[in-house]
> 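I'd like to ask some things about the structure below.
Positions are given from 1, in the same order as the sequence printed here. What's counted below: heavy atoms across the whole structure, side chains too, no hydrogens, waters or symmetry copies. Atoms within a ligand are numbered from 1 in the order they appear, just like the ligands themselves.
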Amino acid sequence: MTAGKSDLKVVVVGLGTMGRGIAQVFAEADADVAVVETMDANMDLLQQELQASGLRTHVVRASLAEALIDADLVIEAIDENMESKQALLTQISAHGTPSLVVASNTSSLSIAELGRAYGHPSQVVGLHFFNPPVRMPLVEVVRGPQTSAKTLDAVTTWIQQAGKHAVQCTDSTNFIVNRICRPFYYEAQLLLTQGAEPGAIDLVARRCLGHRVGPLETLDHSGLHTHLRSSETAERELGDRYRPIPVVRRLVRAGFTGKQAGRGFYDYAVEQPRAARERLLQHAVGSRRPLAVVGPASTRYAGTGYAPVDPDIADLIVYVCGARSTDDDVRAVRSLSASPIDLVVDSADGRWLHDLPAGVGWVHAHVDDSSVFVEVVDDALAAVPITTGTHALLEAVGADWIRVPALPGLIAERLQHILVNEAVTLVEEGVAAESDVDLALKLGMNHSRGAFEYLADTGASAVVASLVSMQEGFGDTRYRPVARLLRLGASDSRPAQSALSPTSIR
Ligand SMILES: NC(=O)c1ccc[n+]([C@@H]2O[C@H](COP(=O)([O-])OP(=O)(O)OC[C@H]3O[C@@H](n4cnc5c(N)ncnc54)[C@H](O)[C@@H]3O)[C@@H](O)[C@H]2O)c1
């Protein structure tokens with residue numbers, strides 16, 4: 001097995017969407033590329049794509065037997081069907097050299113089973129490229145139970161030489177990115193059925209979570225039928241928590257499978273996602289109105305540019321709660337709301353659904369260096385309207401804002417914390433390391449921050465508190481914090497070591 005850049009000889013079998021892209025990736029990296037494809041039309045397409053990118057050499061079409069003569073690596077990208085792939089691997093094993101590394105671009109099949117079909121499982125590995133391979137920088141390297149360290153080292157080197165980033169995971173359903181994002185996609189769909197508009201969900205994901213594209217727009221782009229199929233596999237392999245959300249099945253049955261069909265979560269004949277977001281986004285003109293900010297997390301407003309005043313002389317107070325609102329918070333809010341001052345509670349905690357006094361506004365502000373974005377609760381069903389105090393607050397900080405339903409976690413925390421919980425689950429199960437999980441989310445999903453980076457900034461105990469609030473509010477075990485997160489949360493809130501040091505004990 002040789003790992004030199006120009007020495008590498010790669011065979012790509014199957015020139016569909018993925019195989020053509022993978023062949024181009026290696027051709028651009030100066031490897032010797034041979035391709036095997038049954039359909040002439042796909043070979044022609046590859047030639048056109050190579051020409052368009054300025055590459056004419058390095059790719060030859062051959063029979064499987066010819067192509068494998070002195071190949072280092074074969075990557076199969078044929079249809080996602082176990083029997084077809086097993087039959088192909090049996091043929092490869094008849095022609096390949098003893099040191100040939102065999103990779104599958106499968107998105108859901110077992111590398112262990114493919115390894116058995118090949119006969120030398122130590123040389124079989126998953127290489128999960130993302131679509132389109134030429135543009136997406138991430139490759140998930142999937143380690144079967146018998147894949148050798150030598151095989152892993154070789155493919156990791158080749159992937160890096162081809163200009164891609166490799167992350168490693170075990171042979172497990174949906175690997176890293178698709179596994180972590182599944183509960184996040186489900187949450188976006190549940191929010192939709194609970195009264196949030198698709199544009200609101202996608203806007204919050206962009207503005208509060210730093211995602212380049214929102215979850216519903218992403219699903220519409222990749223096709224709801226594909227998402228439903230892989231969700232059914234996840235449910236079968238991983239259990240009831242991964243059951244698809246009924247709305248997606250209804251849409252698929254109606255033929256509303258996403259952007260290509262003209263309708264999915266969005267109806268493209270009526271409104272494009274961007275227009276939907278623009279319609280829902282509101283801008284308050286900053287008036288630098290005097291404002292008192294009180295409560296355990298009042299520092300959230302640091303740097304928002306309002307003119308702070310003492311609560312005694314304020315005519316507008318914002319009470320900012322921690323991750324989990326306590327009985328003391330409720331008492332404080334009740335006593336403040338008894339006076340003629342306008343009062344707004346800033347929290348995503350679900351208890352305000354029941355404990356918010358009449359006339360008090362409910363918001364959750366997200367403050368970053370350049371802007372303030374506020375989720376504003378406006379829910380006739382829950383009898384939580386937007387108050388004059390809320391408007392005054394939005395103007396005082398010059399916020400961009402959006403209406404959201406009165407539900408635990410509102411939109412941002414709900415999407416983010418379900419994703420973080422799943423990321424921790426993956427590490428707990430030994431599927432991948434924290435650093436690979438974060439890299440996979442950033443490169444595979446364009447997230448601006450990894451789940452573990454978020455966890456480090458926010459604190460595990462705050463994430464646990466928020467998930468517990470959702471679990472209580474919805475009565476659904478999908479929000480149950482995973483054991484590893486509970487342990488991280490406990491260590492978060494335990495007193496610092498120095499408080500218990502011998503010198504402090506008299
Ligand atoms: N499409 C995606 O977004 C995506 C992303 C990641 C992984 N994958 C995985 O990549 C693989 C390929 O997916 P795709 O979307 O490119 O499929 P595709 O249906 O577009 O292409 C499959 C190609 O394989 C060819 N083929 C089938 N059997 C063959 C054989 N025995 N010898 C030579 N050629 C053969 C077909 O003619 C076809 O051109 C699947 O395992 C899929 O799960 C797909």
Side-chain angles (χ1 to χ4, degrees), residues 10-25 33-49 59-68 71 74-96 102-111 113-114 117-118 124-142 159 164 166-167 169 171 173-179 181-182 218-234 257-260 440 443-445:
V10 188
V11 179
V12 178
V13 187
L15 294 182
T17 319
M18 297 305 291
R20 291 199 306 278
I22 295 168
Q24 190 171 331
V25 165
V33 182
V35 291
V36 182
E37 166 63 60
T38 44
M39 285 167 60
D40 292 343
N42 282 352
M43 189 63 212
D44 296 343
L45 259 179
L46 175 64
Q47 294 299 2
Q48 284 164 23
E49 286 165 6
V59 175
V60 290
R61 189 181 185 185
S63 69
L64 188 63
E66 284 162 7
L68 289 173
V74 57
I75 303 176
E76 75 74 20
I78 67 167
D79 316 52
E80 186 74 345
N81 175 296
M82 182 51 93
E83 277 96 60
S84 316
K85 289 194 195 281
Q86 280 173 331
L88 174 65
L89 290 178
T90 310
Q91 277 179 277
I92 293 175
S93 105
H95 299 291
V102 179
S104 170
N105 187 47
T106 178
S107 16
S108 64
L109 301 174
S110 154
I111 300 302
E113 267 184 270
L114 294 173
Y118 182 62
V124 178
V125 65
L127 287 185
H128 187 233
F129 285 78
F130 287 71
N131 190 8
V134 174
R135 283 222 313 275
M136 295 297 286
L138 183 71
V139 180
E140 291 173 335
V141 175
V142 187
I159 290 297
K164 303 289 176 192
V167 289
C169 64
D171 186 14
T173 307
N174 289 175
F175 311 138
I176 302 179
V177 171
N178 290 341
R179 166 84 183 270
C181 288
R182 191 164 306 283
T218 302
L219 288 173
D220 263 2
H221 185 75
S222 54
L224 304 193
H225 50 311
T226 310
H227 169 69
L228 177 61
R229 213 178 319 122
S230 60
S231 299
E232 285 168 344
T233 307
T257 53
K259 189 170 182 192
Q260 227 175 7
L443 299 181
M445 289 301 294

> With Asn105, which residues qualify under side-chain hydrogen bond (donor to acceptor under 3.5 Å, both in side chains), at least two apart?
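Expected list: none.
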> Are more than 12 heavy atoms from other residues, nucleotides or ligands located less than 6.0 Å from atom CD of Glu232?
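Yes, CD of Glu232 has more than 12 neighbouring heavy atoms, counting only those of other groups under 6.0 Å.
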> Can you name the side-chain hydrogen bond (donor to acceptor under 3.5 Å, both in side chains) partners of Thr233, sequence neighbours left out?
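Applying side-chain hydrogen bond (donor to acceptor under 3.5 Å, both in side chains) to Thr233 gives none.
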> Return the set of residues passing side-chain hydrogen bond (donor to acceptor under 3.5 Å, both in side chains) with Gln48 (not counting sequence neighbours), or none when no residue passes.
none
> Tabulating one pair per line, provide the atom names and distances (0.1 Å) for every N/O atom of ligand 1 that is less than 3.5 Å from a protein N/O atom.
{"from": "ligand 1", "atom 1": "3 (O)", "to": "Asn131", "atom 2": "ND2", "distance (Å)": "3.2"}
{"from": "ligand 1", "atom 1": "10 (O)", "to": "Asn105", "atom 2": "ND2", "distance (Å)": "2.9"}
{"from": "ligand 1", "atom 1": "16 (O)", "to": "Thr17", "atom 2": "N", "distance (Å)": "3.2"}
{"from": "ligand 1", "atom 1": "16 (O)", "to": "Met18", "atom 2": "N", "distance (Å)": "2.9"}
{"from": "ligand 1", "atom 1": "20 (O)", "to": "Thr17", "atom 2": "N", "distance (Å)": "3.3"}
{"from": "ligand 1", "atom 1": "37 (O)", "to": "Glu37", "atom 2": "OE2", "distance (Å)": "2.6"}
{"from": "ligand 1", "atom 1": "39 (O)", "to": "Glu37", "atom 2": "OE1", "distance (Å)": "2.9"}
{"from": "ligand 1", "atom 1": "39 (O)", "to": "Glu37", "atom 2": "OE2", "distance (Å)": "3.4"}
{"from": "ligand 1", "atom 1": "39 (O)", "to": "Asn42", "atom 2": "ND2", "distance (Å)": "2.5"}
{"from": "ligand 1", "atom 1": "41 (O)", "to": "Ile78", "atom 2": "O", "distance (Å)": "3.4"}
{"from": "ligand 1", "atom 1": "41 (O)", "to": "Glu80", "atom 2": "OE1", "distance (Å)": "2.5"}
{"from": "ligand 1", "atom 1": "41 (O)", "to": "Lys85", "atom 2": "NZ", "distance (Å)": "2.8"}
{"from": "ligand 1", "atom 1": "43 (O)", "to": "Glu80", "atom 2": "OE1", "distance (Å)": "2.8"}
{"from": "ligand 1", "atom 1": "43 (O)", "to": "Ser107", "atom 2": "OG", "distance (Å)": "2.7"}

> Under a 3.5 Å cutoff, is there a donor and acceptor pairing between the side chains of Arg182 and Ser231?
yes
> Can you confirm whether Leu127 sits close enough to Val141 that some side-chain heavy atom of one is under 4.5 Å from a side-chain heavy atom of the other?
yes
